[in-house]
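Working notes for the structure below.
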Amino acid sequence: MKVYPGFKVSDAGLPGHVPVLTLRGGLKIPQLGLGVYELDGAETYACVKEALRLGYRLIDTAEYYHNEAETYNAVVGSGIPRDEIFIISKLEPCRGSEREIRAKLEDSLYDMGGYIDLMLIHWPFAADRLAWSVMEEYVKAGSFGAIGLSNYHPDGVKRIMDGAEVLPVLNQIELHPYYQRLDEIKANEALGLKVQAWSPLGGGMLKVTADPVIRELAQKYGRTPAQMVLRYEIECGVITIPRSKNFAHLRENFRVFDFELAPEDALVLAALDRSEMIWDI
Ligand code: NAD
């Protein structure tokens, strides 16, 4: 089982303590990590390396992002033991022959040094149940630490779980202050899955960090809007994976473990929910 001994204070001296959640089956996952969607190879290498230097120990990539190899190379280049870092990748949906699914999983494993902590199905597709049974084999063989889902509504989670030999540990879904999905968080938790927030800052499309309510709260706490949002998500119990290629933002986004929201302010943020989503699936 993994432990994160460096998690009390990062090597870069940032204050606080990164909370770690335990997934079904026992794997430990930090509650905040870096997402590398839309980063090209060089950006991915630089940002993952800097994030690891700052103390991040969770990286979220995907076959679809075309930067799995650079993610892994940055992990190796960081000099941090591989087993102190949690890497997530995702199987891109395909037309769905078993051969095609295996080839995709093998490609990801090849790019990522032969082991991936958590492999997700990126979004539902016609052959996802077949993909799940193939992925189960990889868990049993020790190539994946665990497997999970992304962009699944609770009914879809149940469909995958029905008859599964290896159960999903996590569901990565769109989640931010404008789309808080509290019922779905509860439904996933009832099924034994942790929830991970994608586009936790609104993905750059929804102007969450420009929201006047969030800005006012940020001023009250002497924090930035992004820090308020990330802190709120952590206090909601979800795992959050903000993306940035700006090193100052990487640092800022990780500095959310040395303050807490007053209950009345958490309620102010809860009231911002308006079911506004980036991607309607
Ligand atoms: P995000 O919500 O993390 O927002 C990224 C945007 O916020 C960028 O424009 C960035 O410049 C800006 N930003 C970052 N830190 C900031 C700060 N401190 N102050 C102001 N602006 C800041 O968006 P995302 O990349 O869409 O989502 C995060 C991660 O989630 C992705 O990188 C990816 O790993 C994952 N993701 C998964 C899916 C999926 O289908 N499973 C979909 C989208 C994203």
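First listed ligand is number 1; within each ligand, the first listed atom is number 1.
- Where the criterion is an N or O separation shorter than 3.5 Å, residue side chain and backbone included, A226 fails it with respect to ligand 1.
- In this structure, the side chain of R129 engages the main chain of I160 through a donor-acceptor pair within 3.5 Å.
- Looking only at heavy atoms of the protein, atom 6 (C) of ligand 1 is closest to G204 N, 3.8 Å.
- Within a 6.0 Å sphere centred on OH of Y64, heavy atoms belonging to other residues, nucleotides or ligands number 12 at most.
- If you chain together hydrophobic residues whose side chains sit under 4.5 Å apart, L267 and L261 never meet in one group.
- Only the side chain of N253 comes within 4.0 Å of ligand 1, counting heavy atoms alone; its backbone N, CA, C and O stay farther away.
- Put simply, I173 and W279 are part of two different groups of oily side chains (I, L, V, M, F, W, Y) that touch within less than 4.5 Å, one to the next.
- The nearest protein atom to atom 31 (C) of ligand 1, hydrogens excluded, is given as Y37 CB, 3.4 Å; this is a heavy-atom distance.
- Between L201 and ligand 1, at least one N/O pair is under 3.5 Å apart.
- Polar contact with ligand 1: absent for K90 (N/O pair, distance under 3.5 Å).
- Screening I147, L170, N171, L149 for a side chain to side chain contact (heavy atoms under 4.5 Å, CB included) with L120, the sole residue that qualifies is L170.
- Checked for salt-bridge contact, E63 and K104 meet the test: a charged N lies under 4.0 Å from a carboxylate O.
- Protein heavy atom closest to atom 12 (C) of ligand 1, with residue, atom name and distance, is R243 O, 4.1 Å.
- The backbone and the side chain of S199 each have at least one atom closer than 4.0 Å to an atom of ligand 1 (non-hydrogen atoms only).
- With a 4.0 Å heavy-atom cut-off, ligand 1 is reached by the backbone of P200 and by its side chain too.
- Not a single heavy atom of T224 lies less than 4.0 angstrom from ligand 1.
- Comparing L120, I241, T61 against atom 28 (C) of ligand 1, the shortest heavy-atom distance belongs to I241.
- With a heavy-atom cut-off of 4.0 Å, W123 does not touch ligand 1 at all.
- The part of N151 lying near ligand 1 is the side chain, judged by heavy-atom distances below 4.0 Å.
- Residue E252 touches ligand 1 through its side chain alone, judged by heavy-atom distances below 4.0 Å.
- Partner K245 forms a salt bridge (charged side-chain N to carboxylate O under 4.0 Å, His left out) with one of E50, E38, E43 and no other, that one being E43.
- Residues L27 and L118 fall within the same hydrophobic cluster, defined by Ile, Leu, Val, Met, Phe, Trp and Tyr side chains chained together at heavy-atom separations under 4.5 Å.
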